[in-house]
Amino acid sequence: MSDHEIKDDLPSNFIRSIIDRNLNENLYQNKKWIGSPGGASHHANAPLDSAKIRTRFPPEPNGYLHIGHAKSIFLNFGLARDYKGACHLRFDDTNPEKEDEEYVRSIIDNVQWLGFDWKFKDEDNLYYASSYFSFMHEAALSLIQSGDAYVDQQTADEIRENRGTLTAAGKNSPYRQQTVDENLTLFAAMKSGKQPDGAMVLRAKIDMASPNINMRDPAIYRIKHAEHHRTGNDWCIYPMYTFAHPIEDALEGITHSICTLEFEDQRPFYDWLLTKLKNNGLLTDPLPKQHEFARLNLTYVVLSKRRLIELVTNQHVSGWDDPRMPTLVGAKRRGYTPAGFKLFTDRIGVSKADSWIDYVTLEDAMREVLNTSCDRRVAVLDPIKLVISNYAEDQVEDCFAPNHPQDESRGKRVIKLTRELWIERQDFMIEPEKKYFRLYPGNQVRLRYGYVVNCTGYDVDKKGQVTTVYCEYLPDTKSGSAGADSVKVKGNIHWVSCKHAVEAKVNLYDRLFKVEHPGANSESYLDDINESSLTSITVQLEENLVNIKPMDQFQFERHGYFICDPDSSSKNIIMNRTVTLRDNWK
RNA sequence: UGGGGAGUCGCCAAGCUGGUUAAGGCACAGGGUUUUGAUCCCUGCAUGCGAAGGUUCGAAUCCUUCCUCCCCAGCCA
């Protein structure tokens with residue numbers, strides 16, 4: 001295949017268009033990279049960067065990754081792979097009060113689970129913003145020296161008041177005209193540890209009358225007497241995201257810094273800062289450029305960090321990895337797969353339009369992937385007994401079931417047939433409704449992989465509930481035998497031998513919220529919680545499932561895809577339903 | 001009422017340096033195959049591109065005006 005053909009297979013979106021254009025403009029042909037992050041002097045004698053582009057996935061280690069992050073991960077790492085570039089995993093740990101090592105580990109696991117790493121040739125591009133604190137401090141000093149930053153001693157309230165409003169310009173701080181030396185002294189005081197939190201803050205000196213509020217002298221360094229999970233007590237001043245992020249990108253030689261829409265207003269500051277630092281000799285071209293895309297919204301799902309935390313702490317779910325949670329750890333336990341997420345993100349595309357993706361789009365992507373990857377098994381979820389009256393009490397017979405209907409190479413397995421079987425309650429009706437073609441008195445169906453049977457009767461308990469169904473089998477009709485097709489039936493039901501069945505617990509999951517947009521038309525999104533999002537039942541599995549191991553996945557025929565829970569054991573098998581099969585009936 | 005964005009089929013989304021009948025996916029509706037009412041296959045699904053004007057031989061693509069929605073006033077990210 002030629003490059004041209006390969007390119008035709010790639011999706012088209014505005015970010016790829018930008019990259020294509022940048023590459024055609026030879027924007028990075030003189031870009032130097034010495035193999036590790038650093039400023040202008042660090043890369044001064046470096047060779048040309050062999051990575052065509054550099055992107056980054058920059059999570060703050062203050063929570064668990066969710067499905068929305070998966071979109072960003074596939075975007076950033078996918079772009080790097082397609083363009084023969086590198087994607088860095090960078091922890092944006094500039095706020096010590098919120099961040100923790102526990103999240104770092106979980107994020108690393110999640111990214112690897114989705115199939116990515118941060119290697120590029122011999123580089124290991126795993127970085128921490130906190131590694132750049134020294135450079136950031138120097139950058140701040142340089143800004144003070146060039147007259148582009150000052151230490152403001154107003155209180156937080158005063159700063160807020162003087163910022164102005166959306167329609168009215170702000171007022172200059174009384175400290176805005178301090179000399180460079182005064183600012184240097186004050187900034188040193190901030191760093192010295194002798195100033196309490198909030199006493200003063202370093203601000204960029206731009207324009208208090210800017211129509212863009214982000215340009216009204218944004219705060220770039222604050223005092224925070226807090227222990228950082230990586231730098232300990234080395235610092236008591238920490239850079240703000242606004243200041244830190246562009247620098248992180250620049251030091252790592254990022255070409256395309258892709259973030260979500262809400263940062264659009266910050267792009268002017270991003271460019272302002274980097275240009276200043278370039279003029280001050282700390283950075284060189286090509287400078288990274290920020291591009292924004294629409295974050296993922298999924299119907300019936302909440303993705304905001306605050307709400308997710310609330311769901312866990314208020315115990316609406318069992319934890320971060322509850323299979324109903326949209327976290328990656330939850331999705332994994334639910335049985336959602338990396339390949340499914342890849343298909344999903346490919347399908348939804350990338351754009352700048354705010355949008356809500358139908359939850360069914362995600363489910364369908366999972367079904368499509370699971371359909372080919374999962375072997376089939378039989379499970380009766382709501383058992384009633386079926387007795388084959390003309391089948392001997394002690395007889396046991398092998399039935400052969402293919403592991404996958406579209407892939408013979410996966411072989412067959414044996415399922416034992418006996419006189420008494422478990423079948424689904426839903427596969428029998430005393431009085432069939434229209435178009436129902438399963439079991440009812442007088443009707444014939446095939447016991448999948450076994451014989452055709454004729455329904456002869458049934459028992460009910462005092463409540464009128466069916467307890468046992470009776471039938472007679474047609475001896476010449478066994479699946480695979482010459483006479484198998486001699487009797488044509490429409491219905492085909494699954495079953496499990498009572499004598500051989502394995503009991504298990506199954507968790508049936510439904511959407512966590514009962515409305516498309518939780519919270520949109522109610523007091524709180526919590527009012528929209530679906531109280532029956534989890535149903536736990538006891539079921540009968542085919543005997544071949546006795547040795548199932550945690551995380552094994554199967555399709556239970558006619559039901560859906562199921563995964564063996566991490567807490568499952570041979571004595572206590574637990575299966576989680578990932579997603580049902582499509583069902584045109586009922 | 002300031003600034004920044006976005007509006008193409010029920011949900012996404014190509015196309016947008018103007019040029020045959022406006023890609024594709026999901027959903028939906030029919031039909032075929034089928035020992036999963038699954039899968040798979042076929043067919044249908046916007047004379048229309050937020051609205052109205054205008055430029056042009058020709059506009060979703062260019063211009064003008066208007067409408068709707070989202071984001072921004074943390075020493076959060």
Side-chain angles (χ1 to χ4, degrees), chain A residues 11-14 58-60 62 92 94-95 97-99 152 154-156 159-161 163-170 197-203 210-216 218-224 237-238 240-242 244-245 259-268 292 294 299 305 343-344 346-365 367-368 371-372 376 378 401-402 404-406 435-438 445-450 452 479-480 484-485 488-494 516 555-560 580-586:
Chain A
S12 174
N13 62 50
F14 77 99
E60 183 187 12
N62 71 343
D92 205 353
T94 57
N95 187 346
E97 289 172 344
K98 296 182 169 184
E99 295 147 8
D152 196 343
Q154 293 181 103
T155 63
I159 287 179
R160 190 185 321 115
E161 278 166 31
R163 185 148 33 222
T165 68
L166 294 178
T167 52
D197 288 8
M200 45 187 89
V201 65
L202 184 68
R203 290 230 258 171
S210 172
N212 179 350
I213 290 180
N214 294 288
M215 297 298 268
R216 317 236 266 229
I220 57 179
Y221 251 103
R222 79 287 218 185
I223 302 171
K224 240 185 220 301
I237 54 172
Y238 292 93
M240 302 283 293
Y241 165 88
T242 311
H245 208 89
C259 62
T260 44
L261 254 25
E262 67 268 28
F263 294 103
E264 277 177 318
D265 289 346
Q266 303 219 22
R267 193 171 62 229
E292 312 85 13
T299 57
K305 207 164 270 180
L343 217 211
F344 172 68
D346 284 349
R347 282 179 172 173
I348 63 175
V350 181
S351 78
K352 298 192 70 148
D354 293 307
S355 58
W356 284 82
I357 308 293
D358 274 346
Y359 196 76
V360 292
T361 304
L362 211 212
E363 288 189 315
D364 188 77
R367 271 193 202 102
E368 182 163 329
N371 178 47
T372 57
R376 313 285 121 127
V378 175
H404 192 105
Q406 277 85 44
K435 292 187 179 169
Y436 184 85
F437 50 71
R438 276 113 92 162
V445 300
R446 175 174 293 281
L447 295 178
R448 203 159 159 70
Y449 311 126
V452 171
S479 292
D485 296 326
K488 282 283 178 196
V489 292
K490 191 117 193 273
N492 203 300
I493 68 171
H494 63 272
E516 281 197 330
Q555 181 198 99
F556 287 169
E557 295 192 14
R558 304 213 294 140
H559 284 302
T580 63
L581 253 29
R582 277 206 196 83
D583 189 1
N584 294 323
W585 168 248
K586 44 184 185 189

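Just so you know, these numbers use all the heavy atoms, side chains as well, and skip hydrogens, waters and symmetry mates. So you know, we letter chains A, B, ... as the sequences are listed, proteins then strands, and number each from 1.
- Computed from coordinates, the A:R446 CZ to B:rU34 C1' distance equals 13 Å when rounded to whole Å.
- Distance from the side chain of A:S12 is smallest to B:rA14 among B:rC11, B:rA14, B:rC75.
- Minimum interatomic distance between A:R438 and A:W585 (heavy atoms only, all atoms of both residues): NH1-CD1, 3.3 Å.
- Comparing B:rA60 with B:rC49, their C1' atoms sit 4 Å apart, to the nearest whole Å.
- Nearest-nucleotide assignment on RNA chain B puts the 5′-proximal partner with A:D485, out of A:D485 and A:D152.
- Side chain of A:D583, nearest nucleotide from B:rA14, B:rA77, B:rG37: B:rG37.
- In this structure, A:K305 places its NZ atom 7 Å from C1' of B:rA77, rounding to the nearest Å.
- Heavy-atom minimum distance, A:T165 versus A:R216: O-NH2, 2.6 Å.
- Residue A:T361 is classed as a sugar-phosphate contact, given heavy-atom separations below 4.0 Å to backbone atoms only.
- Look at B:rG74: its glycosidic torsion is within 90° of 0, and that puts it in the syn range.
- Residue-level contact check: A:I159 touches the bases, meaning some heavy atom is under 4.0 Å from a base atom.
- When rounded to the nearest whole Å, the span between CG of A:N62 and C1' of B:rG74 equals 15 Å.
- When heavy atoms are screened at a 4.0 angstrom cut-off, A:Q555 is found touching base atoms of the nucleic acid.
- For A:R216 and B:rA73, the shortest distance from a side-chain N or O to OP1 or OP2 is not below 4.0 Å.
- In this structure, of B:rA38, B:rA77, B:rU36, it is B:rU36 that holds the atom nearest to the side chain of A:P405.
- Counted by atom type alone, A:H494 and A:R448 present zero donor-acceptor pairs between their side chains at under 3.5 Å.
- Distances from the side chain of A:P211 to the nucleotides B:rU36, B:rG3, B:rC12 place B:rG3 closest.
- Remark: A:K352 is not in phosphate contact with B:rC70, judged by side-chain N or O atoms under 4.0 Å from OP1 or OP2.
- Ranking B:rA27, B:rA77, B:rU36 by closeness to the A:E557 side chain, first place goes to B:rU36.
- As judged by a 4.0 angstrom heavy-atom cut-off over every strand, A:R438 is placed among the base-contacting residues.
- Taking atom C1' on both B:rG31 and B:rG48, the two are 28 Å apart, rounded to the nearest angstrom.
- Taking atom C1' on both nucleotides, B:rG5 is separated from B:rC42 by 42 Å, rounded to a whole Å.
- Comparing the P positions of B:rA6 and B:rU61 gives a spacing of 15 Å, expressed to the nearest Å.
- Heavy atoms of A:R163 sit under 4.0 angstrom from primed sugar atoms or phosphate atoms, though from no base atom.
- In this structure, the side chain of A:R160 does not engage the main chain of A:T155 through any donor-acceptor pair within 3.5 Å.
- Within 4.0 Å of A:R376, counting heavy atoms only, lies at least one base atom of the nucleic acid.
- Along RNA chain B, the nucleotide nearest A:Q154 and the nucleotide nearest A:G491 are compared for position; the residue whose nucleotide lies closer to the 5' end is A:G491.
- Looking at heavy-atom distances under 4.0 Å, A:A156 makes contact with a base.
- Here the side chain of A:R367 pairs no donor or acceptor atom with the backbone of A:N371 at under 3.5 angstrom.
- A:W585 qualifies as a stacking partner of the B:rG37 base, centre to centre under 5.5 Å and near-parallel within 30°.
- No contact: A:E97 has no heavy atom under 4.0 Å from any strand.
- Using a 4.0 Å cut-off between a side-chain N of Lys or Arg and a carboxylate O of Asp or Glu, A:R347 and A:D364 qualify as a salt bridge.
- Between the NE2 atom of A:H245 and the C1' atom of B:rC76 there is a distance of 14 Å, given to the nearest Å.
- Nucleic acid contact class of A:I357 (heavy atoms, under 4.0 Å, all strands): sugar-phosphate only.
- What separates OH of A:Y436 from P of B:rG37 is a distance of 11 Å, to the nearest Å.
- Closest to the side chain of A:F437, from the set B:rU36, B:rG37, B:rA77, is B:rG37.
- Closest contact between the side chain of A:N214 and the listed nucleotides B:rU36, B:rG5, B:rC72 involves B:rC72.
- The base of B:rG3 sits with one of its N or O atoms less than 3.5 Å from a complementary donor or acceptor on the side chain of A:D265.
- Aromatic ring orientation, A:Y241 versus A:F263: tilted (interplanar angle from 30° to 60°).
- Among the heavy atoms of the strands lying under 4.0 Å from A:T155 is at least one base atom, whether or not backbone atoms are also near.
- A:R448 has its CZ atom 5 Å from the P atom of B:rU36, to the nearest Å.
- Within 4.0 Å of A:M240, counting heavy atoms only, lie sugar-phosphate atoms of the nucleic acid but no base atom.
- Straight-line distance between the C1' atoms of B:rA77 and B:rC71: roughly 15 Å, to the nearest whole Å.
- Across all strands shown, A:Y221 has no heavy atoms under 4.0 Å from either base or sugar-phosphate atoms.
- Panel note: side chain A:T260, backbone A:E262; no donor-acceptor pair is recorded below 3.5 Å.
- A donor and an acceptor atom, one from each side chain of A:E97 and A:Y238, are nowhere located under 3.5 Å apart.
- The CG atom of A:D197 sits 14 Å away from the P atom of B:rC75 (whole-angstrom rounding).
- Residue contacts for A:P58: at a heavy-atom cut-off of 4.0 Å it reaches no nucleic acid atom on any strand shown.
- Nucleotides B:rA73 and B:rG2 are separated by 11 Å at their C1' atoms, to the nearest Å.
- For A:Q406 and B:rU34, the CD to C1' distance is 9 Å, given to the nearest whole Å.
- Listed nucleotides: B:rC70, B:rC26, B:rA13. Nearest to the side chain of A:D364: B:rC26.
- Of all heavy-atom pairs spanning A:D92 and A:H245, the tightest one is OD2-ND1, 2.9 Å.
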key: Strand RNA chain B as a dot-bracket string - pairs counted if Watson-Crick or G-U with both distances under 3.5 Å, | where the partner lies in another strand   = .(((((((.[[[..)...(....]]].(((((.......))))).....[[[[[..)....]]]]])))))).....
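- A salt bridge links A:D152 and A:R203; the closest N-O separation between the charged side-chain nitrogens and carboxylate oxygens is under 4.0 Å.
- Although no hydrogens or angles enter the test, the distance criterion places a donor-acceptor pair under 3.5 Å between the side chain of A:T299 and the main chain of A:Y359.
- B:rU33 and B:rG58 have their C1' atoms separated by 47 Å, with the value rounded to a whole Å.
- Distances from the side chain of A:R222 to the nucleotides B:rC75, B:rA27, B:rA73 place B:rC75 closest.
- Between the C1' atoms of B:rU36 and B:rC40, the separation comes to 13 Å (whole Å).
- Among the protein residues, A:I348 comes within range of the sugar-phosphate backbone only, with heavy atoms under 4.0 Å from sugar or phosphate atoms but none that close to a base.
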